[in-house]
Amino acid sequence: MHIIKQKREFRESLLSWYSREKRDLPWRRTSNPYYIWVSEVMLQQTRVDTVIPYYERFIDKFPTMEILADADENDLLKMWEGLGYYSRVRNLQAGVREVVSTYGGEVPTNRKDISTLKGVGPYTAGAVLSIAHGIPEHAVDGNVMRVISRLLVIEDDIALPRTKKIFEEVVMDLIDREDPSSFNQGLMELGATICTPKPKCLLCPVRDFCIAFHERKQEELPVKTKKTKMKVIPVASFAIRNDQQQWLLRKRPATGLLANLWEFPMVERMVGRTPQQMVHEQFGFELENLVELLSFKHIFSHLTWDMQSFEAQLQEVGTIPEDFRFFTEKEVEGLPKPVPVLKIWEEIKQGGKYDDCK
DNA sequence: AACTCGGGGTG
DNA sequence: CACCCAGAGTT
């Protein structure tokens, strides 16, 4: 293969570009495996610019694995508030607890052991091993698959699980044994800044090695077939306050969508119903007797929801009234809430009244 | 192998 | 508004 003969030159081009152009990011100023681990978990789901402030706050609040292991779940979720994929922070804590209790507080330095930790899959395992410990292991994420698929014109469908193995083998063949950390990060940095879905080939430090560029088909790669087919479910959300100026919130179930986060009571939006009717029909109590409806909004309409899981959640609303509790304004501030609820809460504090319900 | 799990960015 | 992004766990 074309690039195989030029592996050394490829590495040199990539590494010198990376050392010249790499962004100055907080987690690039440390080799603490725990900090690298935290950053990788955050970066799995969110863009760099979004992660930076979360990372700083998280490390500030939980500076050691022992402190994170002892943390209260509510505080944990609060630090993750707004990042999404909330089960991952609980997996992170579970993994950290495992390291503290069974690995003597040392993050394992081999793929087999580190992969047993909760929330640590093939990518995160390779990232921590290579970046924190300088071990030559592959760390194949979406960026790397995009870069490699173009570099070698690999046209396998990257949506298929088995395709990832191909890329892992290529990376193990190409990887720089002297500096696997910079090599892996260089590939990802390239994918994040140059070899983007709409590639900027004129700026690319390794375009001379890129077969797709020579064949003018970089725009067609990588091949990806899967398409998501989610439904949008319009939802009505109720901000209800009692005579003691406390707000009625509901803790979501421990599993599934937005697990363990707090929300305003929420129902599927019903055309032609008044808020009072919807509360009565779906929550089973009379709004007038108990509380004052201060705000009523349609939210989540921009999210994609799976109809079945939503129906399951409606069942929960009807059958587990213990999840409903009244909180003072100060208490509400301390509860971890998903972004749409945060936005409603902001509006309420600024005196927002309820939407129409047509 | 297919599905679940959020939120932000882009066109 | 539609569409794109992406790794790990669960089933």
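All values reported here derive from a predicted model rather than from experimental measurement. Below, chain A is the first sequence line, B the second, and so on; all start at residue 1.
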Checklist entry - Distance between the P atoms of dG8(B) and dG9(C), in whole angstroms? => result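 It works out to 24 Å between them.
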Item to check | Distance between P atoms of dG6(B) and dC3(C) (Å, rounded) | outcome: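 The same atom, P, in both gives a distance of 23 Å.
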What contact category does [X] fall into here, base, sugar-phosphate, or nothing, at under 4.0 angstrom with non-hydrogen atoms?
X	result
V41(A)	nothing
K224(A)	sugar-phosphate
T124(A)	sugar-phosphate

For [X] and [N], what is the distance between atoms [atom1] and [atom2] respectively, to the nearest whole Å?
X	N	atom1	atom2	result
M42(A)	dA8(C)	CE	P	16 Å
K337(A)	dG6(B)	NZ	P	17 Å
E81(A)	dG6(B)	CD	P	14 Å
L258(A)	dG7(B)	CG	P	6 Å
K164(A)	dA1(B)	NZ	P	13 Å
R111(A)	dA8(C)	CZ	C1'	14 Å
W37(A)	dA8(C)	CH2	C1'	14 Å
I158(A)	dC4(C)	CD1	C1'	12 Å

Given [options], identify the nucleotide with an atom nearest to the side chain of [X].
X	options	value
P161(A)	dG7(B), dG6(B), dA1(B)	dA1(B)
V339(A)	dG8(B), dG9(C), dC5(C)	dG8(B)
Y86(A)	dG7(B), dA8(C), dG8(B)	dG7(B)
P197(A)	dG7(B), dA8(C), dC5(C)	dC5(C)
L257(A)	dC5(B), dG8(B), dA8(C)	dC5(B)

Item to check | Of R146(A) and S115(A), the one whose closest DNA chain C nucleotide lies more 5' | outcome: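 By nearest-heavy-atom nucleotide position, the 5'-most residue is R146(A).
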Checklist entry - Where each residue is assigned the nucleotide of DNA chain C containing its nearest heavy atom, which of N143(A) and L117(A) is assigned the position nearer the 5′ end? => result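 In this pair, the answer is N143(A).
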Next on the checklist: When you measure from the side-chain N and O atoms of K118(A) to the phosphate of dT10(C), is any distance below 4.0 Å, counting only OP1 and OP2?
Outcome noted: yes
Next on the checklist: Counting only side-chain nitrogens and oxygens, does R47(A) get under 4.0 Å of the OP1 or OP2 atom of dC5(C)?
Outcome noted: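 So the side chain of R47(A) is outside the cut-off, no N or O lying under 4.0 Å from OP1 or OP2 of dC5(C).
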Checklist entry - Is there a donor in the side chain of Q218(A) and an acceptor in the side chain of R207(A), or the other way round, less than 3.5 Å apart? => result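 There is no such pair (donor and acceptor under 3.5 Å, judged by atom type) between the side chains of Q218(A) and R207(A).
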Next on the checklist: Pick the closest DNA chain B nucleotide for R162(A) and for A259(A) by heavy atoms, then say which residue is nearer the 5' end.
Outcome noted: R162(A)
Checklist outcome for this item: Rounding to 0.5 Å, atoms CG (L190(A)) and SG (C210(A)) come to a distance of 9.0 Å
Checklist entry - Rounded to the nearest 0.5 Å, how far apart are OH of Y103(A) and OG1 of T116(A)? => result 3.5 Å
Item to check | Partner residues of I175(A) under the side chain to side chain contact (heavy atoms under 4.5 Å, CB included) criterion, sequence neighbours left out | outcome: P136(A), R177(A), P180(A), F183(A), N184(A)
Item to check | Side chain R97(A), main chain A69(A), donor-acceptor under 3.5 Å | outcome: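 Pair found, side chain donor or acceptor close to backbone of A69(A).
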Item to check | Worked check of side chain to side chain donor-acceptor pair (under 3.5 Å) between Q185(A) and S181(A) | outcome: CA-CA 6 Å; Q185(A) 292 190 80; S181(A) 168; 3.1 Å; yes
